[in-house]
Amino acid sequence: MRLYDTYTRSLVELPPPPGPVRMYFCGPTVYARAHIGNARPFVVGMWLRSWLRANGYDATLVHNITDINDKIYDAAPGASAELAERATAWYLEDTGDLGLGMPDHLPKATESVPQIIGFIEELIESGHAYAADGDVYFRVASFPEYGRLSGQRPDQVEQGEEPSALKEDPRDFALWKANKPKTEDTWWNSPWGRGRPGWHIECSAMAEDIYGPAFEVHGGGLDLVFPHHENEVAQSRALGHPFAQIWAHNGMLRFTGEKMSKSVGNVETIRESIDRWGREAVLVFFLTASWRKPIDYSEETMTQAAARLDTLRNAFTLQATDGDERGWDAFAAALDDDFDTPAALAVLHDWASSGRLDLLRRGLAVFGLESVAERAAAPDEIVALAEERVTARVERDFERADRLREELASAGWQMRDRQDGYDLVPL
RNA sequence: GGCGCCUUGGCCGAGUGGUUAGGCAGCGGCCUGCAAAGCCGUUUACAGCGGUUCGAAUCCGCUAGGCGCCUCCA
């Protein structure tokens, strides 16, 4: 299997099974209900793990929770810890409802402060960082490779942050920030006084705390390439650690169409999306585009995803053909080639229309969609109405039959007649 | 100003030199008491201009348009 690697800008072959393939995907900053775009790295990470395991890999996934951040302080002045805790619970609930299971580890920044401090101390000792008035900064000039991952030219980088008199070089970034009592209500003791970790250091510290100095795949949104991941590479490789072998960056979601837009920007939360479209449609939506490409989240694209889901689901009301397993190769080839889910989805549709339901079931399971194969059983009163309608049709009382079909529909069930009986399908 | 990505038929989206991708929607038909589901058929695209080639959606150049990032956004 091969994956596109941002660092080398090429497809990189994974080691053969059983690997291991240790993956670290950057998770959310917990200050509000996560929006649907935040679900993409989660989904991609879980799917990759699922596919790798199905192919005999020893695959693990770490997904971190950033619960120390300015946004949290801004969103809940004086009560940021409570907000972070609540938003973490929301995130676990919402991603859990996607039905893909959970990552192997979900480390939190707040629970990793000792490791972070240890990491910073090593950087200071080796000359790659320096303390200044309670802050600690990474010395970018000490790492010649800086900019390699993102392709940024250091001399051209715009300075968005307030220039700090404490920095030796404007490119230097904070590893540790001294506490500012007016705006921040959480702090930890450190060799440099009270304060809190910077953003980038947590990932280096947590990834290496769990995996050691080297692992296979580091994922996250494309918007994290610079500065977040560039800084992670700098921190870890400055200490001589290989760190991630492959950098897997997923494309952004785009929000179009006015209908779903809210007064402030047109975003929708994972929760709202699942509630509105169902988790299966959300997953099919992510399947329709390559994980690296941008994807439009809109009324139209979601409607199409829901329609595709129905097509796949309806296949299971059809007659199955023999258990021909040869078709699996096309599906596997699509996913092994940079995890090409649109191509794999086309194979799924091929199986659906040719009635190869065993293969279809197996393929859907890779994406957590085994439930598509399950037909909900109608409650007794619905079945009773259906039987009544069968009788009416036998008696050729079509008026009554049509009335009963209406009744079933208003109860949420569609009755589909067939030669040998009928199907009851939830609407 | 810098780094990078993208542009395929009504919509979504595969395709990296020469054979129908696929789906959704539409239209026609079969099936059905009527529907639904399913099946069959159907609208033949590759931003524009130029170049390489026997041959380009696929390679090169230019132009136009869109997008991401540039110190704390997945």
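Computed from a predicted model, the values in this text were never measured in an experiment. Scope of the values below: all heavy atoms of this structure, side chains included, with no hydrogens, waters or symmetry mates. Protein chains get the first letters and strands the later ones, always in sequence-line order, with residue 1 at the start of each.
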A.B. asks: Quick one, A:L360 and A:R356 - any side-chain contact, counting heavy atoms below 4.5 Å?
C.D. replies: no
A.B. asks: Rounded to whole Å, how long is the line connecting atom CD of A:E230 with atom C1' of B:rC3?
C.D. replies: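 One finds 11 Å between C1' of B:rC3 and CD of A:E230, rounded.
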A.B. asks: Just call it for A:T303: base, sugar-phosphate, or nothing, with non-hydrogen atoms closer than 4.0 Å on any strand.
C.D. replies: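 Nothing: the residue A:T303, judged by heavy atoms under 4.0 Å, touches no strand.
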A.B. asks: Could you walk me through whether A:E388 and A:R400 pass salt bridge (charged side-chain N to carboxylate O under 4.0 Å, His left out), step by step?
C.D. replies: CA-CA 9 Å; A:E388 214 177 314; A:R400 185 156 157 255; 3.6 Å; yes
A.B. asks: Report yes if a side-chain nitrogen or oxygen of A:N314 is closer than 4.0 Å to either non-bridging phosphate oxygen (OP1 or OP2) of B:rG38; otherwise report no.
C.D. replies: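 So the side-chain polar atoms of A:N314 do come within 4.0 Å of the phosphate oxygens OP1 or OP2 of B:rG38, strictly under.
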A.B. asks: Taking only the P atom of each, what is the distance from B:rA37 to B:rA21 in whole angstrom?
C.D. replies: 26 Å
A.B. asks: Quick one: A:Q419 CD to B:rC39 C1', roughly how many Å, whole number?
C.D. replies: 13 Å
A.B. asks: As a quick check of understanding, evaluate salt bridge (charged side-chain N to carboxylate O under 4.0 Å, His left out) for A:E299 and A:R276, giving each step before the final call.
C.D. replies: CA-CA 11 Å; A:E299 195 74 21; A:R276 173 143 183 232; 2.5 Å; yes
A.B. asks: Roughly how many Å apart are B:rC3 and B:rG9, using the P atom of each and rounding to a whole number?
C.D. replies: 31 Å
A.B. asks: Could you write out each protein N or O paired with an N or O of nucleotides 7-14 of chain B at a distance under 3.5 Å?
C.D. replies:
unit_1	atom_1	unit_2	atom_2	d
B:rC11	O2'	A:E300	OE2	3.2
B:rC11	O2'	A:Q304	NE2	3.3
B:rC11	O2	A:Q304	OE1	3.4
B:rC11	O2	A:Q304	NE2	2.9
B:rA14	O3'	A:D340	OD2	3.4

A.B. asks: For A:N250 and B:rC67, what is the distance between atoms CG and P respectively, to the nearest whole Å?
C.D. replies: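 Whole-Å distance recorded here is 20 Å.
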A.B. asks: If you check the A:L318 side chain, which of B:rA74, B:rG38, B:rA35 turns out closest?
C.D. replies: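 Selected nucleotide: B:rG38.
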A.B. asks: Quickly, which of A:F286, A:F285, A:W47 forms a ring pair (Phe, Tyr, Trp, His ring centres under 6.0 Å) with A:F367? Name it, please.
C.D. replies: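 Only one option passes, and that is A:W47.
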A.B. asks: In whole angstrom, give the distance that lies between atom NE2 of A:H229 and atom C1' of B:rG4.
C.D. replies: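 So the two atoms are 16 Å apart, to the nearest Å.
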A.B. asks: Would you say A:C203 and A:H229 make side-chain contact, with heavy atoms under 4.5 Å?
C.D. replies: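 No - every pair of side-chain heavy atoms lies 4.5 Å or more apart.
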A.B. asks: If the P atom of B:rG48 is compared with that of B:rC11, how far apart are they to the nearest Å?
C.D. replies: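 It comes out at 15 Å once rounded to the nearest Å.
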A.B. asks: Between the base of B:rC34 and the side chain of A:R405, is there a donor and acceptor pair under 3.5 angstrom?
C.D. replies: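 Looking at the base of B:rC34, it does pair with a donor or acceptor on the side chain of A:R405 (distance under 3.5 Å).
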A.B. asks: Determine, for A:D417 against A:R389, whether the closest basic-nitrogen to carboxylate-oxygen distance falls under 4.0 angstrom.
C.D. replies: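 Answer for the salt bridge query: yes.
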A.B. asks: When rounded to the nearest Å, what value does the distance between C1' atoms of B:rC27 and B:rU44 take?
C.D. replies: 15 Å
A.B. asks: Quick check on B:rA74: is either OP1 or OP2 less than 4.0 Å from any side-chain nitrogen or oxygen of A:T29?
C.D. replies: yes
A.B. asks: Could you check whether A:H228 gets within reach of a base, just the sugar-phosphate, or nothing at all, counting any heavy atom under 4.0 Å?
C.D. replies: nothing
A.B. asks: Which whole-number value in Å describes the distance from A:L149 CG to B:rG68 P?
C.D. replies: 20 Å
A.B. asks: Give me the distance, rounded to whole Å, that separates B:rU53 from B:rC39 when you measure between the C1' atoms they each carry.
C.D. replies: 44 Å
A.B. asks: Mind checking whether A:F143 and A:H128 have ring centres under 6.0 Å apart?
C.D. replies: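 Not close enough - the centres of the two rings lie 6.0 Å or further apart.
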A.B. asks: Tell me if the aromatic rings of A:F138 and A:Y130 count as close, with their centers under 6.0 Å from one another.
C.D. replies: no
A.B. asks: Distance between the C1' atoms of B:rG41 and B:rC46, in whole angstroms?
C.D. replies: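 Taking atom C1' in both B:rG41 and B:rC46, they lie 24 Å apart.
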A.B. asks: Classify A:R393 by what it touches in the nucleic acid, base, sugar-phosphate, or nothing, heavy-atom distance under 4.0 Å.
C.D. replies: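 Here A:R393 touches the bases of the nucleic acid.
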A.B. asks: Give one of base, sugar-phosphate or nothing for A:R375, where a contact means two heavy atoms less than 4.0 Å apart.
C.D. replies: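 Here A:R375 touches no strand at all.
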A.B. asks: Which stems does RNA chain B form, counting runs of 3 or more consecutive Watson-Crick or G-U wobble pairs with both distances under 3.5 Å?
C.D. replies: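 Stem list for RNA chain B: B:1-7 with B:64-70, B:10-12 with B:22-24, B:26-30 with B:38-42, B:47-51 with B:59-63.
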A.B. asks: Tell me which nucleotide among B:rC39, B:rU71, B:rG23 gets nearest to the side chain of A:F173.
C.D. replies: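 Between B:rC39, B:rU71, B:rG23, the one nearest the side chain of A:F173 would be B:rU71.
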A.B. asks: Which nucleotide in the set B:rG33, B:rC24, B:rA74 lies at the smallest distance from any side-chain heavy atom of A:H35?
C.D. replies: B:rA74
A.B. asks: Just so I know, are the side chains of A:V233 and A:W247 near enough to count as touching, which here means a heavy-atom distance under 4.5 Å?
C.D. replies: yes
A.B. asks: Any idea which of B:rU71, B:rC73, B:rG33 is nearest the A:R396 side chain?
C.D. replies: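 Looking only at side-chain atoms, A:R396 lies closest to B:rG33.
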A.B. asks: Is a donor from one side chain sitting under 3.5 angstrom from an acceptor on the other, for A:T301 and A:D296?
C.D. replies: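 No, A:D296 and A:T301 have no side-chain donor paired with an acceptor closer than 3.5 Å.
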A.B. asks: Could you walk me through whether A:R2 and A:D337 satisfy the salt bridge (charged side-chain N to carboxylate O under 4.0 Å, His left out) test, starting with their C-alpha distance in whole Å, then the side-chain angles of each, then the deciding distance to 0.1 Å, before giving a yes or no?
C.D. replies: CA-CA 6 Å; A:R2 51 187 198 162; A:D337 183 15; 3.1 Å; yes
A.B. asks: Taking B:rA35 as the reference, what is the distance to B:rU43 when you measure between their C1' atoms (whole Å, please)?
C.D. replies: 27 Å
A.B. asks: Using the P atoms only, state how far B:rA45 lies from B:rA57, rounded to an integer number of Å.
C.D. replies: 10 Å
A.B. asks: Between A:K71 and A:D74, does any NZ, NE, NH1 or NH2 come within less than 4.0 Å of an OD or OE carboxylate oxygen?
C.D. replies: no
A.B. asks: Where each residue is assigned the nucleotide of RNA chain B containing its nearest heavy atom, which of A:G220 and A:V140 is assigned the position nearer the 5′ end?
C.D. replies: A:V140
A.B. asks: Checking all strands, does A:L253 fall into the base, sugar-phosphate, or nothing category for heavy-atom contacts under 4.0 angstrom?
C.D. replies: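 The residue A:L253 makes base contact.
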A.B. asks: Provide, to the nearest angstrom, the distance between the CD atom belonging to A:E232 and the P atom belonging to B:rC73.
C.D. replies: 14 Å
A.B. asks: For a quick check of understanding: with a heavy-atom distance under 4.0 Å over all strands, which category does A:G27 fall into, base, sugar-phosphate or nothing?
C.D. replies: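 Sugar-phosphate, no base atom in range.
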A.B. asks: Return whichever of A:L11 or A:V347 has its heavy-atom-nearest nucleotide of RNA chain B closer to the 5' end.
C.D. replies: A:L11
A.B. asks: Taking N and O atoms by type only, does the side chain of A:D310 place a donor or acceptor under 3.5 Å from a partner on the base of B:rC24?
C.D. replies: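 Absent.
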A.B. asks: A:I72 CD1 to B:rC73 C1': how many Å, rounded?
C.D. replies: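 To the nearest whole Å, that distance equals 13 Å.
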A.B. asks: Tell me: OH of A:Y146 to P of B:rC70, nearest whole Å?
C.D. replies: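 In whole Å, B:rC70 P and A:Y146 OH are 12 Å from each other.
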A.B. asks: On the side chain of A:R389, is there an atom forming a donor-acceptor pair with the base of B:rG33 - under 3.5 Å, no angle test?
C.D. replies: yes
